[in-house]
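Working notes, structure below.
One-based numbering along the sequence shown.
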Amino acid sequence: MTARSDSGAPSRVVIIGGGIAGLATAALLARGGADVTVLERHEQVGGRAGRWSAEGFTFDTGPSWYFMPEAFDHLFELLGRDVGDHLRLMRLDPSYRVFTEPGKGASRAETLDVVADAEANWRTFEAIEPGAGAAMREYASGASRAYRIALDRFLYTTFQRVDRVASPEILRRLPELTRLLSTSLSEHIARSVGSPRLRQILGYHAVFLGSSPYRVPALYSLMSHLDLVDGVLYPDGGIYQLIEAIASVAEEEGARIRLGEEVVGVDVEPDDAGLLPGRRGGRATGVRLADGRTVAADVVVAACDLHHTEMALLDPRWRSYSEYYWSRRTPGISALLAYVGVRGKLPELAHHSLFFTRDWSANFDAIFGSRRAARGADLGGADGRPAAQGGSAASPPGAPRVPVPASLYLARPSATDPSVAPPGHETLTLLVPFPAEPAIGAAPGELDRMADGYLSQVADWAGIPDLLDRVVLRRTYGPADFANEFFSWRGSALGMEHTLSQSAMFRPAGASRRVSNLLYVGGGTLPGVGLPMCAISAELVVKRLLGDTSAGALEGPLPKGFLSGV
C-alpha cells in the first residue's frame, strides 16, 4: 500500500467517521503529508464520545473515565505536542465510591471509597478481610507487570509479524502468560481475595471491555493497574475536551473535517496485483455519499463500526468477513444511558460511583444470556418496565434480559467541575449494562420508565429518597439508539467483546483482506475498545503505511511529511 497517488502527489485519504479513532488518524496522516478529509455523519465530531448540552447542563454522552493517560500522552507526542497544553487534568479523590446492594433488613447500601492513596486502600481492604491488604497489593503489582508487557509488546503491534511480539521477557514469563490466557478473570481474582466486595473492585473493569469477569481472560487483570496504581484523572470540562483537542490538532496539521456527510458506500475496482493466484482483489477509488456525490481517494480508512463497513458499505465480493463470521462472534454489552439534571446537591455520590448487586453472576447471566437464544425476544415486562431476573413469560429460555436490580455506574462530574451544571444543580449520567439487543427500548417511553426504575434503585441504595422528585432534565439512550445513530453491530455500546478468541491477533485486522487500500481503525479492530485503544489503533494505521511490523510504539515526534516516498 502506498501513501502517495499515482501522480506522486500526497495521497488523498478519506476517513469515514469523526470519532476519536478517525480524528487521531487524520491528525497523524495529515502530519505525514497526506491530503486528509474526514467525513462525519453527525453535526459534531466525537462519535460515541460526544457532548450534549441543555438548560445549562453539559454531559459527556459516552466515555467518562480518563484511563491510560500514557496512550494520550504518546499520541500528542507523535504529533509534536504536549497533552498538558490542551487538557488540565485533575486527580480524583476518591477515585470512585462503591455501593453494595443492601442485605436483608438493611435500608441502605454498604459503601467503600477507593482513594488516590494506595497505602490507604490497602488498609481499607485489610479491614474488610484479614490478609486482603497484602493480597490486593500483590495483585496490583502483578497487574502493573502485565500492563507494562501489554504496552511494550501487544497493544502497538499490527500482528503482521507475530514473531516480532516475542522478547526475552515474554519467553521468560510464558508460563505465567499461559495461565493468564487460559483462566478467566473471575477465577484469577478468586485466588487472591474472598470478599465479594473486593472481588468486584478487581473485576468491574471487564465491563469497559464490553464483557464480564466470567468471560474475559485473566490477562485483563492488567486493568487494575489503572485505578489501584495510576489513580483516576479527569480533564477539566469533561472527556469531550480530549475530542476537541485532537480535532483541533488534526485541522492544524491540515486535515479537513466535514460534518453532516454520510457515507453510504465504498467504491472498489478490481485489482489483483500482489494477491495469490485465484484470489480476487480490489482497490478503493473513493466513497459515495448519501446525496449521490463521490469523494475520490487513494486510501480509505473506515473509522466507523466494522460490521457496518463490511456488511453495508462494501459490495459482498469485497468483504473480508462474511455473515457466517459474524454469526460466530459476539458483540460487547450495550447500555441504557440516562443524562439527568438534578436540583440541589448530591454529596452521597462521588464523581464516579459503582453500584454492585450481591448476585453478580446472575446480573451478567441476564445481560449475556445464551447466544443461541432467538434475537428480538421480548425483553421487557407487560408494562414496558424491565422484566425481573427470570425474564418475561414470552422470553425463550436463555434469552438475554435486562437485569433488575442492576449493577450500574453513575457519573457526577459536577462534584469536580461546577461548569457542567447550573448553580445549585448536579449533572448525573446513569449507565446500566444491557444486552446487545436493539429491540430493547424501541417502544415509546420504554427507556424513560426503565431509567426511572434504576434511578429509584440509586435513590434507595444511596439514601436519597427524593432523588426522582428533584430531576429537572432527563434524556435517555439505549441499544436501539446505538444501532440507529452509529450503525453499531447489534446495538452494542462498544464493539466486539474482548473474549480470548476476539482479542489480540484473533481480533479483526486493521486492513481489508480484499481491498488493498482499505484500512480499519477504531474499536472493532486492533487493539480493542475504549478511547485509549482507539487512539492506539490510529498509530497502527501509520505503522501499516510505513511497513513497520515492530511490536512497540513509534518514537515521537513524527517528522512533518514522514509519509513522503512511502
Side-chain angles (χ1 to χ4, degrees), residues 15 17-28 46-49 62-76 78 83 143 146-159 165 185 205-211 216-217 219-227 230 233 239 242-243 246 301-307 309 329 331-333 486 488-489 492-511 519-544 551-554:
I15 300 174
I20 185 172
L23 296 173
T25 303
L28 291 169
R48 301 179 209 197
S64 56
W65 295 70
Y66 193 86
F67 270 158
M68 285 186 68
E70 52 264 81
F72 305 122
D73 294 346
H74 177 64
L75 171 64
F76 278 81
L78 290 179
V83 71
Y147 180 70
R148 179 48 53 191
I149 285 180
L151 279 180
D152 292 344
R153 311 304 302 177
F154 294 117
L155 297 183
Y156 285 93
T157 179
T158 63
F159 287 103
V165 175
L185 178 59
H205 310 87
V207 174
F208 294 144
L209 301 168
S211 190
V216 301
L219 182 61
Y220 287 120
S221 60
L222 61 85
M223 298 285 286
S224 286
H225 167 85
L226 302 176
D227 59 343
D230 270 359
L233 301 175
I239 294 292
L242 172 66
I243 301 299
I246 297 174
V301 180
C304 50
D305 183 88
L306 180 58
H307 178 270
T309 300
R329 299 300 184 276
I333 62 165
F486 301 111
S488 177
W489 177 40
S492 167
L494 296 171
M496 185 177 285
E497 181 188 10
H498 274 276
T499 56
L500 177 60
S501 63
Q502 297 180 172
S503 296
M505 70 282 290
F506 304 117
R507 202 165 182 84
L519 299 174
Y520 300 138
V521 70
T525 183
L526 295 168
V529 303
L531 292 180
M533 300 294 102
C534 288
I536 292 172
S537 74
E539 183 170 338
L540 297 186
V541 168
V542 173
K543 294 186 79 170
R544 282 186 176 273
L554 296 170

Discussion item. Side chains of S211 and Y220: any donor to acceptor distance under 3.5 Å?
Written reply: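 Not at all, the side chains of Y220 and S211 share no donor-acceptor pair under 3.5 Å.
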Looking at every heavy atom in both [X] and [Y], which two are closest together, and how far apart are they?
X: V207; Y: L494; value: O-CD1, 3.6 Å
X: I246; Y: A24; value: CG2-N, 3.7 Å
X: L222; Y: Y147; value: CB-N, 3.6 Å
X: I239; Y: S64; value: CG1-CA, 3.7 Å
X: A143; Y: S221; value: CB-O, 3.2 Å
X: K543; Y: A551; value: NZ-C, 4.2 Å

Test item: [X] and [Y] side chains (from C-beta on) under 4.5 Å apart, heavy atoms:
X: M223; Y: L185; answer: no
X: I536; Y: H74; answer: no
X: F159; Y: R507; answer: no
X: L306; Y: M496; answer: no
X: I15; Y: V521; answer: no
X: D305; Y: R48; answer: yes
X: V541; Y: L28; answer: no

Quick one: side chains of residues 522-533, donor-acceptor pairs under 3.5 Å with protein atoms, not counting sequence neighbours, listed by atom name and distance.
residue	atom	partner	partner atom	Å
T525	OG1	P508	O	2.9
T525	OG1	A509	O	3.1
T525	OG1	G510	N	3.3

Worksheet item: Got a second to check how far L540's CG is from L155's CG, nearest 0.5 Å?
Response: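 Reported to 0.5 Å precision, the distance equals 9.0 Å.
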Discussion item. Nearest 0.5 angstrom please: C534 SG to L23 CG, how far?
Written reply: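 The distance works out to 11.0 Å.
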Worksheet item: How are the rings of W489 and H307 set to each other: parallel, tilted or perpendicular (split at 30° and 60°)?
Response: parallel
Item to complete: On the 0 to 90° scale, with breaks at 30° and 60°, tag the W65-F67 ring pair as parallel, tilted or perpendicular.
Response: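 It falls in the tilted class, 30° to 60°.
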Discussion item. Please enumerate all residues that pass salt bridge (Lys or Arg N to Asp or Glu O under 4.0 Å) together with R153, with sequence neighbours excluded.
Written reply: none
Worksheet item: For D227, what residues pass the salt bridge (Lys or Arg N to Asp or Glu O under 4.0 Å) criterion, not counting sequence neighbours?
Response: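 If we apply the salt bridge (Lys or Arg N to Asp or Glu O under 4.0 Å) test to D227, skipping adjacent residues, there are no hits.
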Item to complete: Show your reasoning for whether side-chain contact (heavy atoms from CB on, under 4.5 Å) applies to L151 and M68.
Response: CA-CA 10 Å; L151 279 180; M68 285 186 68; 3.9 Å; yes
Discussion item. I'd like to know if the side chain of E539 and the backbone of Y156 have a donor-acceptor N/O pair within less than 3.5 Å.
Written reply: no
